[in-house]
Student: 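There's a structure below that I have some questions on.
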Amino acid sequence: MAQGDYIEQAIKRNGRRLDHEERKRKRTAREAHKNSMEAQTLHGHRAKLLHARRYAEKVAMKKTIKAHEERDVKSKDAAALPEGALPTYLLDREGQNDAKALSSAVKQKRKEKAGKFAVPLPKVRGIAEDEMFKVVKTGKTKRKGWKRMVTKATFVGEDFTRKPPKLERFIRPTALRMKKANVTHPELKATFQLPIIGVKKNPQSPMYTQLGVMTKGTIIEVNVSELGLVTTGGKVVWGKYAQITNNPELDGTCNAVLLV
């Protein structure tokens, strides 16, 4: 390993801090304000360079937006014109070539990358940290309050091993751990009990996603191999996403709708 790669080495050994995603999100949110302040305060040659760069970025963004908005692009194709006389009803066409601005496959990939699924529950109630965690007092005199017990249903995986009590910050009770979910297929109108593979995204916070907390509106991945679903290429679909539609910690079971 190179001499300057100590940061990557530390991340591999110890992982990232628990609030890394939140800090990253805040840093991204502050960038717009920072750029605005720079644009207002810079003078002279540096200001010229900055405005040239900003102008190039805006032009590129407008071009991208225009490409997205254009559904059908009609262009005249000289090769498409037949030789000889044309019938009257074909004169106004002038050998047009209809082409899609962006293919549906590319659009679908971008949608999946952005995580834009048409989910059954687009909006969910926000959960306060006091409701999510219960403070656990530790130490000989019970004065230390750095431990938290998760009060919601969680998923931890098969090969999960608890940390030593001295190092464990978040306690996930065994009684609230769930391994299976009752998943309803919206097209088949049938419900199956399927094993949970993992928690994809909790809308409340990235930290809850990392901890595997399952609340109403959470996107989970379930094992659908026993349903016999296959792709267009003939391969068996192993995992699919589903959204939780109930409050698992209150009902004692996890109900979800498959995202198809």
Side-chain angles (χ1 to χ4, degrees), residues 21 25 65 67-72 100-128 131-132 150-160 172-260:
E21 294 295 334
R25 183 188 65 78
I65 291 166
H68 274 285
E69 285 174 352
E70 284 179 357
R71 294 287 178 188
D72 296 312
K100 289 280 181 186
L102 291 167
S103 69
S104 57
V106 172
K107 282 183 184 175
Q108 187 63 28
K109 275 186 182 177
R110 285 182 183 173
K111 275 188 180 179
E112 283 176 9
K113 195 175 180 183
K116 293 176 184 172
F117 291 102
V119 290
L121 298 173
K123 287 185 179 180
V124 288
R125 179 184 68 89
I127 298 173
E131 188 185 341
M132 183 70 76
V150 182
T151 59
K152 305 289 179 186
T154 54
F155 173 78
V156 294
E158 290 292 330
D159 54 347
F160 172 73
R172 287 168 280 189
T174 315
L176 284 170
R177 292 182 198 168
M178 293 187 179
K179 293 181 179 179
K180 293 194 175 184
N182 303 318
V183 183
T184 304
H185 197 294
E187 291 173 3
L188 299 175
K189 300 283 189 254
T191 305
F192 309 93
Q193 194 173 58
L194 303 172
I196 300 169
I197 298 172
V199 176
K200 175 69 179 171
K201 185 173 176 63
N202 190 314
Q204 306 292 340
S205 167
M207 186 177 74
Y208 301 157
T209 307
Q210 194 179 354
L211 288 169
V213 179
M214 295 190 295
T215 54
K216 192 173 185 176
T218 303
I219 306 292
I220 57 170
E221 194 174 4
V222 289
N223 188 347
V224 293
S225 56
E226 60 187 62
L227 298 185
L229 300 173
V230 291
T231 60
T232 49
K235 291 181 180 179
V236 177
V237 178
W238 177 259
K240 247 185 164 343
Y241 295 138
Q243 188 181 32
I244 295 172
T245 54
N246 72 323
N247 294 310
E249 74 281 357
L250 300 178
D251 300 341
T253 181
C254 182
N255 299 334
V257 176
L258 203 68
L259 303 179
V260 290

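Throughout, numbering of the chain's residues begins at 1 and tracks the sequence. What's counted below: heavy atoms across the whole structure, side chains too, no hydrogens, waters or symmetry copies.
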Student: Filter on salt bridge (Lys or Arg N to Asp or Glu O under 4.0 Å), then keep only pairs touching residues 246-260, sequence neighbours left out; what's left?
Tutor: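 As it turns out, the salt bridge (Lys or Arg N to Asp or Glu O under 4.0 Å) pairs with a partner in residues 246-260, which skip direct neighbours, are Lys152-Glu249.
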Student: Got a second to check how far Asn182's CG is from Cys254's SG, nearest 0.5 Å?
Tutor: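 Between Asn182 CG and Cys254 SG, I get 7.5 Å after rounding to 0.5 Å.
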Student: Counting distance only, does the side-chain N/O of Thr184 pair as donor-acceptor with the main-chain N or O of Pro186 below 3.5 Å?
Tutor: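 Answer holds: no.
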Student: Would you mind reporting whether Thr215 and Asn202 have side-chain heavy atoms less than 4.5 Å apart?
Tutor: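 The answer is yes; the side chains approach within 4.5 Å.
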Student: Test: salt bridge (Lys or Arg N to Asp or Glu O under 4.0 Å). Region: residues 194-216. Which pairs qualify, not counting sequence neighbours?
Tutor: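 Listed by first then second residue: nothing to list.
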Student: Holding to side chain to side chain contact (heavy atoms under 4.5 Å, CB included), I want the full list of residues that pass it with Arg177, two or more places apart in sequence or in another chain.
Tutor: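 Result, side chain to side chain contact (heavy atoms under 4.5 Å, CB included) vs Arg177: Thr154, Val156, Phe160, Arg162, Arg172, Thr174.
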Student: Identify, with sequence neighbours excluded, every residue that meets side-chain hydrogen bond (donor to acceptor under 3.5 Å, both in side chains) alongside Thr209.
Tutor: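 With sequence neighbours excluded, Thr209 shows a side-chain hydrogen bond (donor to acceptor under 3.5 Å, both in side chains) to no residue whatsoever.
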Student: Who passes side chain to side chain contact (heavy atoms under 4.5 Å, CB included) against Ala153, sequence neighbours left out?
Tutor: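 Listed in chain order: Met178, Pro248.
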Student: Please list, chain by chain and in numerical order, all residues satisfying side chain to side chain contact (heavy atoms under 4.5 Å, CB included) with Thr151, sequence neighbours excluded.
Tutor: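 Applying side chain to side chain contact (heavy atoms under 4.5 Å, CB included) to Thr151 gives Lys134.
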Student: Determine which pairs satisfy side chain to side chain donor-acceptor pair (under 3.5 Å) with at least one residue from residues 224-240, sequence neighbours left out, and list them in order.
Tutor: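 Side chain to side chain donor-acceptor pair (under 3.5 Å) check on residues 224-240 returns Asn223-Ser225.
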Student: Do Val183 and Thr191 come close enough that some side-chain heavy atom pair is under 4.5 Å?
Tutor: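 With C-beta onward as the side chain, the pair stays apart.
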Student: Write down the atom of Pro122, the atom of Pro120, and the distance for their closest heavy-atom approach.
Tutor: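 So the two residues come closest at CD-O, 3.3 Å.
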Student: Does Val224 form a side-chain contact (heavy atoms from CB on, under 4.5 Å) with Leu194? I'd like the steps, not just the answer.
Tutor: CA-CA 7 Å; Val224 293; Leu194 303 172; 3.8 Å; yes
Student: Sub-3.5 Å donor-acceptor pair from the side chain of Asn246 to the main-chain atoms of Asn255, do we have one?
Tutor: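 It does hold such a pair.
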Student: Taking atom CE of Met214 and atom CD1 of Ile220, what is their separation to the nearest 0.5 Å?
Tutor: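 Result: 6.0 Å between the selected atoms.
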Student: Hey, is the main chain of Leu121 close enough, under 3.5 Å, to the side chain of Gln243 for a donor-acceptor pair?
Tutor: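 Yes; judged by distance alone, with no hydrogens or angles, the pair exists.
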Student: Does anything in residues 175-207 form a ring-ring contact (aromatic ring centres under 6.0 Å, His included)? List the pairs, not counting sequence neighbours.
Tutor: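 Listed by first then second residue: nothing to list.
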Student: Would you say Gln204's side chain and Met132's backbone share a donor-acceptor pair under 3.5 angstrom?
Tutor: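 No.
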Student: Would you say the side chain of Thr218 lies within less than 4.5 Å of the side chain of Pro203, judging by non-hydrogen atoms?
Tutor: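 Yes, side chains in contact.
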Student: Could you work out, with side chain to side chain contact (heavy atoms under 4.5 Å, CB included) as the rule, every residue matching Glu221, not counting sequence neighbours?
Tutor: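 For Glu221, the residues satisfying side chain to side chain contact (heavy atoms under 4.5 Å, CB included) (neighbours in sequence not counted) are Ile197, Tyr241.
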Student: Would you mind reporting whether Leu227 and Leu188 have side-chain heavy atoms less than 4.5 Å apart?
Tutor: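 No, their side chains stay 4.5 Å or more apart.
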